[in-house]
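One structure below.
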Amino acid sequence: MRSLNLSLLSEAYAICRLPPGEPVAPLPPVSFSLLVQAPDETTLVCSLDQAPSHAEVDAGWRCFRIEQSFDFSVPGILASVLAPLARAGIGIFATSTFSTDYVLVKVEDLDPTVEALRAAGHVVSL
């Protein structure tokens with residue numbers, strides 16, 4: 001896999017769990033948010049200041065965006081980021097959009113994440 005360009009988004013994020021089918025009001029535009037509604041739960045990833053007060057909230061996440069876009073047929077894009085983090089013992093929350101991928105890590109893992117990604121040959125912009 002070739003080198004990827006990743007940028008660290010400026011906000012601090014929260015990963016929130018809500019009951020299944022919970023309505024979630026549209027969030028004001030930010031650099032990234034995610035809403036997943038599954039049969040057993042609703043998950044919201046949002047900037048920390050937008051986390052619903054009644055949700056189960058796991059705070060203290062930072063988000064990296066893969067800057068390149070790849071066709072769906074290109075294998076190994078996300079794996080090339082996740083494998084070095086796994087080897088470094090860093091837990092992640094990963095998700096994708098139609099165009100790219102996002103990887104969230106806990107704030108306390110930020111420096112080791114940057115080191116692991118750069119050691120794997122990726123370019124990381126802070």
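Heavy-atom basis, side chains included; hydrogens, waters and symmetry copies ignored. Residue numbers count from 1 along this sequence.
Not counting sequence neighbours, the partners of R65 by the salt bridge (charged side-chain N to carboxylate O under 4.0 Å, His left out) test are E67.
The heavy-atom pair separating V107 from R62 by the smallest distance is CG2-CG, 3.9 Å. Pairing each heavy atom of A51 with each of A14, the nearest pair is CB-CB, 4.1 Å. Minimum heavy-atom separation, C46 to S33: CA-CB, 4.5 Å. The minimum heavy-atom distance between A55 and C16, with the atom names listed, is CB-CB, 3.9 Å. Minimum heavy-atom separation, P39 to P20: O-CB, 3.3 Å.
In this structure, I15 and T43 have side chains that are in contact, with non-hydrogen atoms separated by less than 4.5 Å. Two residues are said to be in side-chain contact when any heavy atoms from C-beta on lie closer than 4.5 Å; H122 and S80 meet this criterion. A 4.5 Å side-chain heavy-atom check between P52 and E22 finds every atom pair outside the cut-off. Side-chain atoms of D101 and V81, non-hydrogen and from C-beta on, never get closer than 4.5 Å to each other. Using a 4.5 Å heavy-atom cutoff, the side chains of F64 and L9 are not in contact. With a 4.5 Å cut-off on side-chain heavy atoms, Q50 and L44 do not count as touching.
Within the 3.5 Å criterion, the main-chain N or O of Y13 finds no donor-acceptor partner in the side chain of S47. Of the possible polar contacts, none joining the T42 side chain to the Q37 backbone as a donor-acceptor pair under 3.5 Å is found. Checked by atom type and distance alone, the side chain of K106 never pairs as donor or acceptor with a backbone atom of I90 at under 3.5 Å. Between the side chain of T95 and the main chain of Y102, no donor-acceptor pair closer than 3.5 Å is present. The backbone N or O of L48 lies less than 3.5 Å from no partner atom in the side chain of E11, so there is not a single donor-acceptor pair. For R17 (side chain) and V57 (main-chain N/O), no donor-acceptor pair under 3.5 Å exists by modelled atom type.
The side chain to side chain donor-acceptor pair (under 3.5 Å) contacts involving residues 107-118 comprise nothing, where partners must be two or more places apart or lie in separate chains. For the side chain to side chain donor-acceptor pair (under 3.5 Å) condition, no pair includes a residue of residues 85-94, sequence neighbours left out.
With I92 as reference, L82 is the one residue of L104, L78, L82 to meet the side-chain contact (heavy atoms from CB on, under 4.5 Å) rule.
Put simply, OG1 on T100 and CZ on F70 are 8.0 Å apart, with the number rounded to the nearest 0.5 Å. Remark: S10 OG to L126 CG distance equals 12.0 Å, nearest 0.5 Å. Rounding to the nearest 0.5 Å places CD1 of I77 at 7.0 Å from CD1 of I66. Atom CG in L6 sits 6.0 Å away from atom CG in L4 (nearest 0.5 Å).
Hydrophobic clustering (side-chain heavy atoms under 4.5 Å, transitive across Ile, Leu, Val, Met, Phe, Trp, Tyr) keeps F32 apart from V103. Following chains of ILVMFWY side-chain contacts shorter than 4.5 Å, one cannot reach L34 starting from V24, and the two form parts of different hydrophobic clusters. The cluster map of Ile, Leu, Val, Met, Phe, Trp and Tyr, joined by side-chain heavy atoms under 4.5 Å apart, puts V45 and L18 in different clusters. Transitive grouping of hydrophobic side chains (ILVMFWY, heavy atoms separated by less than 4.5 Å) keeps L8 and F93 in distinct clusters.
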